[in-house]
Amino acid sequence: MRGHWHLFAGAFLLGGLTFSHQRDTSIIYLVLLLGWLLYIFPRKRLIVLMIAAFVSGGLFTSNDYTNPPPIADTTLNGKLVSAPKVTDNKTEVIMKVQDTSHKILLTAFKEHTSSSTPPSYTENWKYGAVCQINAPTSFPPAATNPGEFDYRTYLLQQGIISQIIITEETEIDCSGHSWLALLDAQRNKLLNEYETKLSPEISPWLKALIFGETGDLEKSTIQLFQRWNLSHLLAISGLHVGLIIGFILYVLTRSGIITTEKSYWLLFTLLPLYAFFAGGAPSVLRAVAMAMLGMLVIKFSAKITGTDILSILLLCFFLINPSFLNQLGFQFSFLVTFSLLFSFKWFKSTPSKLVLLMHISLLSQLILLPLQLVHFFQFNPLSVFANLIFVPYFTIIVIPMMLLLSILTIIFPAIAVSISELFLYLHHFSLEGLRYMDIHLYYPWVIGKITPLYSVVYYIFLILMLASLETGKKRRAFLSAVLAVVILMLFSIKPYLSKEGTVSMLDIGQGDSIVIELPYRKGVFIIDAAGASHFSANQERVADNIIIPFLHSKGISKVDAVFLSHEDSDHIGSVPFLFDDLQIDKLLVSPYFQFPDALQTQVLEHNIPVLRLKRNEVISLSGQVFKVLNPEKNYNDANDNSLVLFTTFGGWSWLFTGDISDKVERDLMKVFPDLRADVLKASHHGSNTSSSEPFLTALKGKVALISAGKNNRYGHPHKEILERLEALGMTALRTDVHGAVQFVFEEAKGNFYIFNVDH
Amino acid sequence: MRCLNCHEIILHQVTWSNLFSPPSDAIICESCFTQLERISMPQCSICARPMARGKICKDCERWERDESWRGILEKNVAVFNYNEAMKNIVARWKYRGDYILIEMFKYEIQEVFQLHFSQQDLLLVPIPLSQERMSERGFNQALAIAALIKAPVREVLTRIHGEKQSKKSRKERVNTENPFQLLEQVSKPVLLVDDLYTTGTTLRHAAKLLKEGGAPAVYSFTLVRSG
């Protein structure tokens with residue numbers, strides 16, 4: 001056993017993956033286990049132990065996340081099991097329902113007005129409070145598009161099965177608290193202290209790097225760090241905890257207040273407290289637990305290896321809470337720590353500190369790559385160099401500086417302020433450098449959402465490469481590295497070899513957004529890209545959360561043409577936000593299309609050619625022929641001036657109508673009496689001002705696509721239109737009900753698929 | 001499991017190359033293992049002495065220049081350098097009778113034998129001890145090494161008691177009478193086995209007898225190449 005706990009941790013993990021909710025990939029992990037068992041075949045006792053670990057891993061993680069049991073009661077009793085989290089617009093806390101293991105997320109939005117304080121009743125939301133709730137439970141919003149972040153699954157993975165949105169004081173009654181609430185209050189007091197005493201440019205960094213509170217950092221900075229794979233510096237991990245331990249030990253022993261021995265034990269008892277103060281994220285827990293075990297091992301000169309400690313820790317975390325397996329921070333943290341430990345021998349052979357740093361940076365990027373691709377779909381090859389600069393910068397300067405400031409601010413605030421001013425000069429300069437790199441050197445490789453099979457094969461070659469480097473077999477290492485890259489390339493050229501094309505009507509709420517991918521990825525087109533609603537605080541939401549992730553998850557970073565039917569924001573609102581993340585070759589609009597200012601600026605800045613099309617023009621894009629049916633003349637109405645496009649996919653004829661009214665429909669029938677369309681993108685989100693009976697009858701369609709928001713304020717699609725479609729025997733596919741609707745086609749056949757399969 | 005050499009608990013170091021492997025049968029710890037120095041390339045093509053450049057070392061050149069010794073020993077293959085750690089281990093093994101210590105070289109001995117001699121059908125002949133030495137030491141170190149190799153072993157040599165080799169200078173060693181006697185004729189090529197190769201005198205004396213006794217070729221295999 002000694003020295004080999006990683007074998008059981010590995011088998012345990014494989015068990016967890018095999019029996020997790022993604023059953024379709026189980027076979028991959030099962031094959032891996034069998035291969036592994038064959039490899040160690042003659043060791044019968046070990047095989048038995050490993051199978052036992054595999055099975056228990058499966059048992060521990062096989063909670064069925066897809067169908068959580070509903071909570072029927074309207075009155076719920078429970079206990080708050082987290083510190084309330086207050087953000088710009090809401091307060092959230094997790095409640096564990098009495099006598100069950102179910103957790104519920106309680107959310108209280110701030111008053112609709114821009115009041116700065118959360119509702120008064122959240123004052124009683126304290127760690128450990130006992131609450132009685134009388135409000136309906138709901139499922140948290142789930143993803144309705146491919147590539148979209150799935151909030152419901154995210155919460156489920158933490159054991160949170162539903163959400164209650166509290167709107168009235170009478171709905172909730174909380175009282176009492178546990179001792180953790182007192183700690184939480186202390187923490188808030190401390191954070192408040194930093195916020196008031198330090199400049200608003202410095203306190204967010206202190207709060208993030210020492211207390212794990214990243215909420216105050218600017219979103220653009222967080223995204224910048226994400227793009228350059230530097231997020232790990234913003235989340236408290238082993239690096240931060242190690243520095244903090246070193247710093248405190250140094251201060252304690254040098255100050256001469258207590259003996260080395262006593263300071264050692266003092267630190268040991270303070271560490272769990274720090275884990276709480278640092279926000280208790282998975283990476284913090286891992287780092288603190290590892291540090292404490294490490295301290296014990298050193299103290300008692302116990303004969304145990306680092307990998308054993310980490311493996312046992314991993315198993316313990318699982319036994320405490322199996323949902324850890326699903327948490328990204330946890331996966332990142334363990335994966336990197338394990339890989340650094342395994343590389344011990346390789347690192348020993350590095351000639352200099354700089355080379356070692358390069359190796360560590362490269363290793364972390366390579367080991368996290370598949371995870372990165374599953375969640376962010378792209379990879380920035382130059383991020384290795386950013387890490388080479390910023391990891392030492394944070395390790396040597398930023399984190400120690402924040403530590404110093406966190407203490408100085410309390411003792412000598414005046415000195416803290418002047419030091420922080422000095423530091424800010426340097427920090428501004430460093431961040432500007434990164435921004436400069438971001439503008440000039442950001443060349444991401446959009447690979448797409450990698451599948452488990454490709455990830456597994458990638459890891460096999462990566463491990464082969466590292467094993468070869470370790471044993472000095474340079475040629476084999478190079479070959480394995482090449483093969484690992486080939487795997488990624490194979491994955492990214494897969495769509496170019498596929499005879500399938502797709503037409504996807506995305507569920508972007510109230511509005512239109514349709515993405516067309518031709519077979520063999522000969523071309524990618526977008527018809528409309530709706531924006532967020534006017535009331536939304538974040539106008540980039542639809543572009544950032546739905547359209548771009550959808551395209552990137554499929555490995556698409558280049559769009560050949562974007563058709564803009566007309567200038568309403570529920571059709572083009574997201575277009576200005578696409579240019580940064582996508583290469584767009586041209587825009588196609590009607591002659592009467594008026595560019596809104598925001599869009600005009602972007603089009604000029606990126607030098608995008610604009611083509612204006614009118615009736616009877618035929619345009620061939622990458623072999624796909626679109627015939628323009630409208631407009632012929634200026635109707636002096638944006639909706640009626642919509643581009644109407646006719647084309648065929650997989651032997652089905654399609655008509656895209658924008659927002660035209662029945663008036664234009666009548667014109668179309670007059671000019672094109674023989675017009676037929678198997679698939680009709682119903683005009684104006686299924687409004688009763690369009691889709692007139694004669695028009696629908698004339699088209700002889702089979703399927704009507706309706707893109708409308710759930711519970712939208714206009715009542716789209718109108719009931720009479722749905723009835724009309726049904727009477728004509730047409731199938732209505734609606735984004736508000738079905739989520740994203742996709743048509744997958746080959747040469748002469750095609751099928752519709754809906755994202756929300758429960759409908 | 002404790003290290004055969006230093007008796008500390010063996011800590012198994014997991015690295016990329018043994019990530020999925022079952023527990024190894026390592027009987028010595030990582031730090032003792034790293035103290036052992038394998039003979040590096042390039043080396044003398046006759047006696048396996050590590051050299052900066054050249055093909056044959058000065059010593060072997062001298063042997064080969066001598067009409068009566070030329071070609072007597074085809075080639076010597078050795079596994080380890082005679083560094084401080086090795087000296088200590090060999091001393092404990094050979095002079096203080098810690099017989100089991102040879103086990104820690106088992107894998108390397110087999111590996112080197114495989115690498116150089118696996119293609120040939122060889123007869124292993126351990127360098128014998130005199131009766132006096134044998135009763136003093138309790139085991140023949142050369143036979144202990146030969147026993148680890150998967151090839152037929154035959155003790156066809158005996159030794160007339162003389163002074164310990166390690167007490168003599170090179171000149172004295174080279175010019176001594178042949179201390180061996182051949183017990184039976186051999187017809188197969190022979191691989192002589194011994195613990196040390198210092199000047200090569202002992203091995204060449206034995207080789208000469210074997211060649212005279214019918215062996216078509218004589219090679220040698222030693223645990224250590226010293227000097």
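Below, read A as the first sequence line, B as the second, and so on, with proteins coming before strands; counting in each chain starts at 1.
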Engineer: What's the separation between atom CG in Asn5(B) and atom CD in Glu103(B), rounded to the nearest 0.5 Å?
Structural biologist: 13.5 Å
Engineer: Which of parallel (below 30°), tilted (30 to 60°) and perpendicular (above 60°) describes Phe113(B) and Phe221(B)?
Structural biologist: perpendicular
Engineer: With side-chain contact (heavy atoms from CB on, under 4.5 Å) as the criterion, how do Ile28(B) and Ile10(B) come out once you've worked through the C-alpha distance, each side chain's angles and the decisive distance to 0.1 Å?
Structural biologist: CA-CA 7 Å; Ile28(B) 56 170; Ile10(B) 298 176; 5.6 Å; no
Engineer: Non-hydrogen contacts under 4.5 angstrom with chain B: give the residues of residues 40-55 of chain A involved, or none if there are none.
Structural biologist: Ile40(A), Arg43(A), Leu46(A)
Engineer: Below 4.5 Å from any heavy atom of chain B, which atoms of Thr307(A) appear? Answer side chain, backbone, both or neither.
Structural biologist: side chain
Engineer: State the CG-CG distance between Leu123(B) and Leu192(B), to the nearest 0.5 angstrom.
Structural biologist: 9.5 Å
Engineer: Just so I understand: if I count every heavy-atom pair under 4.5 Å between each of Ser21(B), Pro23(B), Pro22(B) and chain A, which residue has the most?
Structural biologist: Pro23(B)
Engineer: May I ask you to decide if the ring planes of Phe338(A) and Phe334(A) are parallel, tilted or perpendicular, using 30° and 60° as cut-offs?
Structural biologist: tilted
Engineer: Would you give the length of the straight line joining atom OG of Ser361(A) to atom CG of Leu388(A), rounded to the nearest 0.5 angstrom?
Structural biologist: 5.5 Å
Engineer: Pick one of side chain, backbone, both or neither for Ser339(A), based on which atoms fall under 4.5 Å of a heavy atom in chain B.
Structural biologist: both
Engineer: Against chain B, label Leu464(A) side chain, backbone, both or neither, depending on which of its atoms sit under 4.5 Å from a heavy atom there.
Structural biologist: neither
Engineer: As an exercise: rank Leu341(A), Leu7(A), Leu469(A) by heavy-atom pairs under 4.5 Å with chain B and give me the winner.
Structural biologist: Leu7(A)
Engineer: Tell me, side chain or backbone of Ile304(A) under 4.5 Å from chain B's heavy atoms, or both, or neither?
Structural biologist: backbone
Engineer: Would you call Glu61(B) and Lys58(B) a salt bridge, taking side-chain N to carboxylate O under 4.0 Å as the test?
Structural biologist: no
Engineer: Applying side-chain contact (heavy atoms from CB on, under 4.5 Å), can you list everything that pairs with Lys345(A), at least two apart in sequence or on another chain?
Structural biologist: Glu470(A), Thr15(B), Glu30(B)
Engineer: Under the criterion ring pair (Phe, Tyr, Trp, His ring centres under 6.0 Å), I'd like the reasoning laid out for Tyr219(B) against Phe117(B): C-alpha separation, chi angles, the key distance, then a yes or no.
Structural biologist: CA-CA 9 Å; Tyr219(B) 305 87; Phe117(B) 301 113; 5.7 Å; yes
Engineer: Which pairs, with at least one residue in residues 358-367 of chain A and sequence neighbours excluded, count as a salt bridge (charged side-chain N to carboxylate O under 4.0 Å, His left out)?
Structural biologist: none
Engineer: Is there any residue in residues 290-298 of chain A with a non-hydrogen atom under 4.5 Å from a non-hydrogen atom of chain B, and which ones are they?
Structural biologist: none
Engineer: Test side-chain contact (heavy atoms from CB on, under 4.5 Å) on Leu314(A) and Leu310(A); report intermediate values, then the result.
Structural biologist: CA-CA 6 Å; Leu314(A) 182 86; Leu310(A) 194 61; 5.9 Å; no
Engineer: Tell me whether the rings of Phe318(A) and Phe330(A) are parallel (<30°), tilted (30 to 60°) or perpendicular (>60°).
Structural biologist: perpendicular
